[in-house]
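Here the structure comes first, spelled out in structure tokens, and everything after it is commentary.
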Amino acid sequence: MSEKYEPKHKMDESLFRMRHSLAHVLAEAVLQVRPKAQLGFGPPIRTGFYYDFKLDEPLAESDLPDIEKRMRKIIQEKQEFKREDLPKEQALKKLEGMGQELKVEYAQELLKAGENLSFYSSGPFVDMCEGPHVSDTSKIPLNGFKLDSLAGSYWRGDSHRPMLTRIYGLAFPTENELKEFIKNRELALKRDHRKLGQELELFTFDEHVGKGLPLWLPNGTVIREELEKFAKELEFKDGYVRVATPNIANGELYKLSGHLQLYKEIMFPPMKSLEKDPDSPAEEFYMKPMNCPHHHMIYLNRPRSYRELPLRLAEYGTCYRFEKSGQLAGLLRVRSLSMNDAHLYCTVDQIEEEIKKIVAMQEFYYKKFRLERVWIRLSLHDQDKEKFVDNEELWTKTENMLREVLKELKVEYEEAAGEAAFYGPKLDYQTENVIGREETISTIQLDFTAPERFQLEFTAADGSKQRPLVIHRAPLGTHERFISFLIERFGGAFPSWLSPIQVRIVPVAEDFLPYAEKLSDDLRGQMVRAEVDATTDSFSKKVRNAVTKKIPNIWIVGANEVKDQTVTWRRYAVEKQAQVPAEKAKGMLALMIQQRTMDNFPDVDLPP
RNA sequence: GCUGGCGUAGCUCAGCUGGUAGAGCAGCCGCCUUGUAAGCGGCAGGUCACCGGUUCAAACCCGGUCGCCAGCUCCA
């Protein structure tokens, strides 16, 4: 029985029935081994189904095979799914009689909303459920499902409520589809940025430094810096100016910004100055969780005129957030993050134009990096006063503003209440990583809070003082997360312009080392990250080493190449290779790098 | 933070019901001088995450801590 199921990717009705029925079969099997288990929710999901149980005696992963065996037996018994609709009192009594307290709680809620209650039974198992189901268990493919994992989950998703045991199952119409899914998942795991990050020596973590605090290795740092260079150029062209601000700030700044009131639990605990005078209070400093307050102070540096708006302050700022330990995940969720941040101060009239420009920049990036499966989420506030600043009028106004811009741009989006920042609504660009986790890749946020709190003003043409609006935007999100998506999208094979090593020159034998070295020196002279494989490994081994490191270009030099003053150019992305005059090859490579060609994709050719 | 699982060499992993550790790759040193994904030989490398307990004896059993993984909650 599902509380509410909103398929992100549509599931057809028969699949829904099958998965949903499997959840019931799972519950029936679990009740055989844990007769006192309380049932939570058991909905179909994108890859199968799950069911939540409150257990008197815990289950372990090692119990799953036995439960699965019992499920198969139930399926073979051809149990019929029968629906029964009961009046309120009778329904509640039935659930109470079954001793299903969680269901009773949920039923009471449903009844408050005036809904009728339906039950489905199959064999000895009865569950309050709105259906639909298959007609009988024989319609469930015996080999199309598999119990997958065991995990904890909170009852009603509330961390203050009891923790339940959730059993996940995979389910597909046929055994082949199940096998294919499992195979693809294993394949996807090979692209996991944590695995590739280690293999390609991009970044690491060390528990002495602290969890969630990535150390960028030389190779990873190249990627960060190339990305930054790219972003800085684009921002320059769009009229941004760069600023630099400290990593810490006095607590007073965050009182002013509202972070200490609404964001404190995500901030690192304060550092206190040692005051010699016991009467004067110690100063408190915080690691910055966001760059905005610093930027607002830069805005306030002197009076501003309407003539300088929009003022676009950009910084690759490092922020620190004390994320809960359980939610840290590789580079996807860290505690120190470098944001591709900027704050735009503009008039209400300029909002639309500015957001359009930012959206255009975003689209340009995603197209460039070929990030597919990206969708826009309009993140709105809800009535949670703990989470959002209390100003209904401005929320409505700014939310509508964003909606209008989206309509104007004719882009598709989904709305999500309760997902806004505490200071205003956002346009989040969502994507899925390799393990199917949905994450925000970048964000555009409208801020109506800061201008008030910081008393931001500009002098209008008529001499009056007016308030600007603030747009926060980070098209590349953070280095950490964005690079994790790139690693997974590219399977670790970066285009030449981003690649830590852009070309490895592999001599066929030692005799050709001088020629290789000469080429490498020339390339390094034109700022190309070239290196020579001067090991005494066999030629095959050298090729293998370059390929396993996913170096985008291998230049092979031997007797023929020396004689003709050429290189044999082998690209990582494509099978075929070509012999190219050395001088020409150097020019081509320089051009690819300068144009930021996405030559890690096989459909992209070398320049003519 | 919570629930469950995991933690053996730089990496991937072996190590039976407790008898104080082993392979391949990587590294280093030789030999080989190589034409498109692993040439050959040798050497070195581990307080078995950490702390405590049980035991004649602990990588293995028990407790705690730290870290990692999945999920929940939360988020760039």
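Computation of the quantities below employed the complete heavy-atom set of this structure, encompassing side-chain atoms and omitting hydrogens, waters and symmetry-equivalent molecules.
Within 4.0 Å (heavy atoms only), A:G477 reaches no atom of the nucleic acid at all. No contact: A:K576 has no heavy atom under 4.0 Å from any strand. Heavy atoms of A:R194 sit under 4.0 angstrom from primed sugar atoms or phosphate atoms, though from no base atom. Among the atoms of the strands shown, none is found under 4.0 Å from any heavy atom of A:F482. Note on A:D158: nothing from the nucleic acid sits closer than 4.0 angstrom, heavy atoms only. Base engagement by A:A559 is indicated by at least one non-hydrogen atom pair under 4.0 Å involving a base atom. Within 4.0 Å of A:E561, counting heavy atoms only, lies at least one base atom of the nucleic acid. A:T440 comes within contact range of the sugar-phosphate backbone alone, with a heavy-atom separation under 4.0 Å but no base atom that close. Counting non-hydrogen atoms under 4.0 angstrom, A:Q198 reaches the backbone sugars and phosphates but no base. The residue A:E199 sits apart from the nucleic acid: no heavy atom pair falls under 4.0 Å. Among the atoms of the strands shown, base atoms are found under 4.0 Å from some heavy atom of A:R481. Using a 4.0 Å heavy-atom criterion, one finds that A:M163 contacts the bases of the nucleic acid, with or without backbone contacts as well. Base engagement by A:T568 is indicated by at least one non-hydrogen atom pair under 4.0 Å involving a base atom. As judged by a 4.0 angstrom heavy-atom cut-off over every strand, A:K211 is placed among residues touching the sugar-phosphate backbone only.
Residues passing the ring pair (Phe, Tyr, Trp, His ring centres under 6.0 Å) test with A:F388 are A:W395, sequence neighbours excluded.
When base pairs are accepted only as Watson-Crick or G-U wobble with both N-N or N-O distances under 3.5 Å, RNA chain B takes part in stems of 3 or more pairs at B:1-7 with B:66-72, B:10-13 with B:22-25, B:27-31 with B:39-43, B:49-53 with B:61-65.
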Stepwise side chain to side chain donor-acceptor pair (under 3.5 Å) check, A:S379 with A:D428: CA-CA 7 Å; A:S379 299; A:D428 290 321; 2.7 Å; yes
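Looking at A:E480 and A:R224, a side-chain N of the basic residue comes within less than 4.0 Å of a carboxylate O on the acidic one, giving a salt bridge. In summary, A:R373 and A:E432 engage in a salt bridge, as defined by a charged side-chain N under 4.0 Å from a carboxylate O. Using a cut-off of 4.0 Å between Lys/Arg side-chain N and Asp/Glu carboxylate O, A:E235 and A:R473 are scored as salt-bridged.
Only the P atoms considered, B:G64 is 11 Å distant from B:G4, to the nearest whole Å. Distance check on atom P: B:C6 versus B:C13 gives 15 Å, rounded to whole Å. Nucleotides B:U17 and B:U55, compared at atom C1', are 16 Å apart to the nearest Å. Using P as the reference atom, B:G35 and B:G24 are 27 Å apart when rounded to the nearest Å. Comparing the P positions of B:A38 and B:G27 gives an interatomic distance of 16 Å, to the nearest angstrom. Distance check on atom P: B:A37 versus B:G19 gives 45 Å, rounded to whole Å. Nucleotides B:G7 and B:G46, compared at atom C1', are 14 Å apart to the nearest Å. Across B:C31 and B:G15, the matching C1' atoms stand 34 Å from one another, rounded to whole Å.
In this structure, A:R19 satisfies the cation-pi test against A:F172, with its NZ or CZ atom closer than 6.0 Å to the six-membered ring centre and inside 45 degrees of the ring normal.
The line from CZ of A:F181 to OG1 of A:T47 is 5.0 Å long, rounded to the nearest 0.5 Å. Atom CD of residue A:Q579 and atom CH2 of residue A:W555 lie 13.0 Å apart, to the nearest 0.5 angstrom.
With the nearest nucleotide of RNA chain B identified for both A:A420 and A:T536, A:T536 has the one nearer the 5' end. Each of A:K542 and A:D428 was matched to the nucleotide of RNA chain B holding its nearest heavy atom; the match closer to the 5' end belongs to A:K542.
Ring geometry, A:H343 versus A:H472: the interplanar angle exceeds 60°, so the pair is classed perpendicular (tilted spans 30 to 60°).
First and last contacting nucleotides of RNA chain B toward chain A (any atom under 4.0 angstrom from a heavy atom, 5' to 3' order): B:G1 to B:A76.
Taking the six-membered ring for Trp, A:Y263 and A:Y254 have ring centres at least 6.0 Å apart. Two rings, from A:H259 and A:F422, have their centers less than 6.0 Å apart.
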